K.L.:
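Please see the structure below; I have some questions.
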Amino acid sequence: MAKTILITGSTDGIGLAAATLLAGAGHHVILHGRSAAKLDAAKAALAEAVPDAAVTGHLADLSHMGAVVALAEALVGEGTPIDAVINNAGILKAPESRTAAGLDIRFAVNTIAPYLLTRRLLPTLSPGARVVNVASAAQAPVDLRALGGAGSLGDMEAYSQSKLAIIMWGRAMAEAAPEGPAIIALNPGSLLGSKMVKEGFGIAGGDIGKGARIMVETALDPRFADASGKYFDNDAGRFGNPHPDALDPAKCAAVVSAIEAVLKAQGIDL
């Protein structure tokens with residue numbers, strides 16, 4: 001049965017590779033990007049690879065929370081139930097490390113935007129829907145002040161903290177809503193050949209197909225149906241434990257509170 005899957009950050013790399021697999025299997029794919037040119041190119045690439053692909057696209061700069069709200073409103077307004085949300089968009093390095101609202105761009109895009117988007121999309125998620133939070137093997141204790149915009153972190157510090165934070169809010173949300181959707185954290189594989197890895201580490205990286213395949217499996221395969229709140233480590237090829245902080249309910253709740261404080265300061269209701 002065909003499903004509808006939203007993949008953020010899907011104009012290149014693992015996101016686009018996963019979209020191609022999904023479209024090839026007959027699913028409706030909702031692409032997302034922050035560049036109109038790249039979004040058009042991704043749609044054209046999918047149409048060439050899968051001539052009868054059911055593909056739509058949405059533009060949004062996830063470093064701006066107002067744009068995240070607008071994206072969610074547009075998707076809800078379309079009235080099509082979404083069966084899986086893959087929060088794949090992520091940033092390691094950027095020309096400007098601060099957003100217009102004063103946030104570290106890694107926390108904004110990698111942590112806060114997917115939280116806001118997921119919360120706003122809850123009314124349009126189908127029964128049995130899944131949310132896949134794309135994390136990383138790079139995980140570091142979250143500086144809540146930095147998440148809120150205070151201080152300054154290096155690129156890898158901010159990235160590692162933001163990726164642990166997305167695992168933490170996912171666990172908190174999963175525990176608060178056992179009826180669903182299933183919220184699953186995924187490390188798709190370390191140093192795969194994405195644009196982020198090439199720019200951030202100066203290496204070609206491994207086969208992005210490895211990450212794309214597990215992304216699709218996490219979103220749709222029956223073995224992940226009861227995995228809400230869990231973390232799948234594709235480097236090890238199994239479920240495992242993330243950083244110990246993600247196993248501490250109080251610390252996870254503190255991350256959620258910090259995210260919601262940021263959104264409240266920007267006048268955004270959940």
Side-chain angles (χ1 to χ4, degrees), residues 1-90 108-109 112-134 166 169-170 173 177 179-184 212 215-216 218-220 225 228 263 266-270:
M1 182 178 177
K3 303 285 188 179
T4 297
I5 298 99
L6 165 67
I7 310 177
T8 66
S10 47
T11 56
D12 56 27
I14 298 171
L16 181 57
T20 304
L21 292 175
L22 288 164
H27 300 294
H28 170 210
V29 180
I30 305 172
L31 298 174
H32 156 264
R34 60 186 177 90
S35 159
K38 291 185 69 174
L39 186 59
D40 287 344
K43 290 165 71 175
L46 273 178
E48 182 176 354
V50 185
D52 58 349
V55 178
T56 54
H58 285 268
L59 279 172
D61 182 346
L62 300 187
S63 69
H64 297 284
M65 297 307 119
V68 178
V69 171
L71 171 61
E73 289 178 347
L75 290 165
V76 171
E78 288 176 354
T80 301
I82 296 175
D83 300 297
V85 175
I86 303 177
N87 286 313
N88 168 68
V109 174
I112 301 170
Y115 178 83
L116 175 58
L117 181 63
T118 300
R119 286 288 302 268
R120 286 296 187 101
L121 288 179
L122 290 176
T124 198
L125 298 185
S126 65
R130 298 182 198 173
V131 175
V132 180
N133 283 340
V134 178
I166 194 175
W169 74 245
M173 193 179 290
E179 72 281 1
I183 302 174
I184 307 160
M215 198 178 286
V216 170
T218 309
L220 298 178
S228 191
L263 296 173
Q266 295 190 31
I268 295 173
D269 295 322
L270 292 169

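Heads up: numbering here begins at 1 and tracks the sequence. If you're wondering where the values come from, they're calculated on a predicted model, not measured in any experiment.
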K.L.:
Quick one: do Met65 and Leu263 satisfy side-chain contact (heavy atoms from CB on, under 4.5 Å)? Show the steps, please.
P.N.:
CA-CA 8 Å; Met65 297 307 119; Leu263 296 173; 3.9 Å; yes
K.L.:
Return the NE2 to OG1 distance between His32 and Thr56, rounded to the nearest 0.5 Å.
P.N.:
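Interatomic distance, His32 NE2 to Thr56 OG1, rounded to 0.5 Å: 12.5 Å.
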K.L.:
Report the C-alpha distance between His27 and Thr4 in whole Å, list the side-chain angles of each, state the deciding distance to 0.1 Å, and finish with yes or no for side chain to side chain donor-acceptor pair (under 3.5 Å).
P.N.:
CA-CA 6 Å; His27 300 294; Thr4 297; over 6 Å; no
K.L.:
Of all heavy-atom pairs between Ile82 and Leu6, which one has the smallest distance, and what is that distance?
P.N.:
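The answer is CG2-N, 4.4 Å.
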K.L.:
Could you grab the distance from atom CZ of Arg119 to atom CD1 of Ile268, nearest 0.5 Å is fine?
P.N.:
12.5 Å
K.L.:
Please tell me if the side chains of Tyr115 and Ile166 come closer than 4.5 Å, counting only heavy atoms from C-beta onward.
P.N.:
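Answer no - side chains too far apart.
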K.L.:
Can you name the nearest heavy-atom pair linking Gly170 to Asn133, along with the distance?
P.N.:
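So the two residues come closest at CA-ND2, 3.9 Å.
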K.L.:
Considering only heavy atoms from C-beta outward, does the side chain of Leu16 approach that of Thr11 to under 4.5 Å?
P.N.:
no
K.L.:
Ala67 and Ala60: which non-hydrogen atoms are nearest, and at how many Å?
P.N.:
O-CB, 4.0 Å
K.L.:
How close do Arg130 and Ala219 get, heavy atom to heavy atom, and via which atoms?
P.N.:
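It is CD-O, 3.3 Å.
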K.L.:
Any chance you could measure Ser228, atom OG, to Ile183, atom CD1, to the nearest 0.5 Å?
P.N.:
5.5 Å
K.L.:
Apply side chain to side chain donor-acceptor pair (under 3.5 Å) to the pair His58 and Glu78, showing each step before the final yes or no.
P.N.:
CA-CA 12 Å; His58 285 268; Glu78 288 176 354; 2.8 Å; yes
K.L.:
Say you draw a straight line from CG of Leu46 to CG of Leu31; how long is it, rounded to the nearest 0.5 Å?
P.N.:
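If I round to the nearest 0.5 Å, the distance is 5.5 Å.
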K.L.:
Using side-chain contact (heavy atoms from CB on, under 4.5 Å) as the criterion, point out the one residue from Leu121, Leu122, Ile7 that pairs with Val85.
P.N.:
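The residue from Leu121, Leu122, Ile7 that satisfies side-chain contact (heavy atoms from CB on, under 4.5 Å) with Val85 turns out to be Leu121.
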K.L.:
With a 4.5 Å heavy-atom cut-off, do Asn87 and Val131 have their side chains touching?
P.N.:
yes
K.L.:
Please report the closest heavy-atom contact between Leu125 and Pro181, naming both atoms and the distance.
P.N.:
CD1-CG, 3.7 Å
K.L.:
Pairing donors with acceptors under 3.5 angstrom, does anything connect the side chains of Asp83 and Ser126?
P.N.:
yes
K.L.:
How far does OG1 of Thr80 sit from CG of Leu75, to the nearest 0.5 angstrom?
P.N.:
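Answer for the OG1-CG pair, Thr80 versus Leu75, is 9.0 Å.
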K.L.:
If you define the side chain from C-beta out and look only at heavy atoms, does anything of Leu62 sit under 4.5 Å from Leu117?
P.N.:
no
K.L.:
I'd like to know whether Leu59 forms a side-chain contact (heavy atoms from CB on, under 4.5 Å) with Arg34, so could you lay out the CA-CA distance, the side-chain angles of the two residues, the decisive distance to 0.1 Å, and finally the verdict.
P.N.:
CA-CA 5 Å; Leu59 279 172; Arg34 60 186 177 90; 5.8 Å; no
K.L.:
Roughly how far, to the nearest 0.5 Å, is the CE atom of Met215 from the CD1 atom of Ile5?
P.N.:
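Reported to 0.5 Å precision, the distance equals 12.5 Å.
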K.L.:
Test your reading of the model: is there a side-chain donor-acceptor pair from Asn88 to the backbone of Gly9, 3.5 Å cut-off?
P.N.:
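Yes, the answer is positive, given that a donor and an acceptor are paired below the 3.5 Å cut-off.
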K.L.:
Does some side-chain heavy atom of Arg120 sit less than 4.5 Å from a side-chain heavy atom of Val76?
P.N.:
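They are not in contact (no side-chain heavy atoms under 4.5 Å apart), so the answer is no.
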K.L.:
Quick one: closest heavy-atom pair of Ala53 and Ala23, and the distance?
P.N.:
CB-CB, 4.0 Å
